Amino acid sequence: MSLFDKFQPIIDIRADLAALGVMPFGAVTEKILSPTEAVVDGHKVILAGTNNYLGLTFDPECIAAAKQALDEMGTGTTGSRMANGTFIGHVQLEQELAEFFARQHAIVFSTGYAATMGMGSTLAGRGDIIVLDADSHASIYDGVRLGGAEVIRFRHNDPTDLEKRLRRLGDRIDKTLIIVEGIYSMVGDQARLAEIAEVKRKYGGMLLVDEAHSLGMLGAHGRGVAEAAGVEKDVDFIVGTFSKSLGAIGGYCVSDHPQLEAIRFAIRSYIFTASPSPSTIASTRVALRLMQERPELRQRLWDNAQRLYDGLKDLGLQVSPQVSPVVAVTIKDRNQAIAAWTHLLHHGAYVNLVMPPASPTNDSLLRCSVSAAHSTEQIDRIIAAFAALPAANTG
Ligand code: PMP
């Protein structure tokens, strides 16, 4: 017996993959040619599995702002927000986020993971209850475990099941936090937030929504699913990340509850980690502005999403239930999924290979995502790469 025994399943999978000559979870991006093209493991590919939804990673204004911040403020803050790590940019970005979301309060974190995990672990602790969607992201699960609240899962995106579980709580509803996501990251389905908010209105509790994959995509201002569903008033806390539509790294939480300002000093992932670098904050601030100034990016993103979705569906592939910037193709057999992923890489399309337990079911996924920066021709090339898959790889 050893400490390593529990890793045997991972060791076995890695050995299987190595024998096949593929390393999908360690593919190295050797060169970035543009927001949508790179050289990965020696193959020139279209990037069809990033979260660069608005394609802002190479925006000249974002880059210029980051460069200027590097020159003026240095490479890093070398400290946590609570000690020496709150620079003027962090405060400005918090103001801008609060304004954008039309909320009173905002906190900037070092990553989206730190934001979601930190809020989940801090808002509800021992003696409290968290009711969460069963398909929640790992950052949500990690947070609720750390906080020590009682955790109750409801069936994925099922407001009726949520209602059943809230009803059973009785008076304990006052100490309950409900957590859902906006767009779910693996399959791209949208939370049924209007109904979820209605259940919350009926029973009580507080509601936190992780809009990591929906910022900049939905709602009149791009504030996400809560805005699109017209239920922002019912959402107590929105968390999200700068690492997807804003093309950088970092996270946030916004709320109208004034207690958020005190709560920030109880969040371990805020206190005990260094704050984002000035250059990261600078590019994020510009990206947040550009996201608002350029609604055409959102239109382009959805046009691309529709085209990829239709194209893959027309090939007879089992795609997500809903058109979304995330288009996942389900492949039941793990080895077929690995073979398909490898084939796609060799045919110029780099997608995400997702295997259980990272996928929400026992199936594997070829998770594709589109960007506003993809050209129509690139979307068609992604579809063509799928069309060229041997039938044996898509069962
Ligand atoms: N929440 C969700 C729903 C996510 O998908 C992710 C990232 N995949 C995160 C939080 C964490 O964000 P980040 O990678 O920016 O830390």
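Every number for a ligand or one of its atoms is a count from 1 in the order of the listing. As the structure is a prediction and not an experimental result, all values here were calculated from the model.
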task: Look at the rings of F87 and H90 and say which category their plane angle falls in: under 30° parallel, 30 to 60° tilted, over 60° perpendicular.
output: perpendicular

- request: Report the relative orientation of the aromatic rings in Y184 and H156; use parallel for angles under 30°, tilted for 30 to 60°, perpendicular for over 60°.
  value: perpendicular

Short N or O contacts of ligand 1 with protein, under 3.5 Å, listed by atom name?
unit_1	atom_1	unit_2	atom_2	d
ligand 1	1 (N)	D210	OD2	2.6
ligand 1	5 (O)	H213	NE2	2.7
ligand 1	8 (N)	H137	NE2	3.4
ligand 1	8 (N)	K244	NZ	3.0
ligand 1	15 (O)	G112	N	3.4
ligand 1	15 (O)	T241	OG1	2.5
ligand 1	15 (O)	S243	OG	2.6
ligand 1	16 (O)	G112	N	3.1
ligand 1	16 (O)	Y113	N	2.8

- prompt: Is S277 reaching over with its side chain to a backbone N or O of T75, donor-acceptor style, under 3.5 angstrom?
  reply: yes

field: Candidate list N52, T50, T36, test side-chain hydrogen bond (donor to acceptor under 3.5 Å, both in side chains), partner T57, passing option
entry: N52

field: Sidechain-backbone polar pair: R81 side chain, S110 backbone, donor-acceptor under 3.5 Å
entry: no

- prompt: Which value, rounded to the nearest 0.5 Å, describes the distance between Y270 atom OH and M119 atom CE?
  reply: 11.5 Å

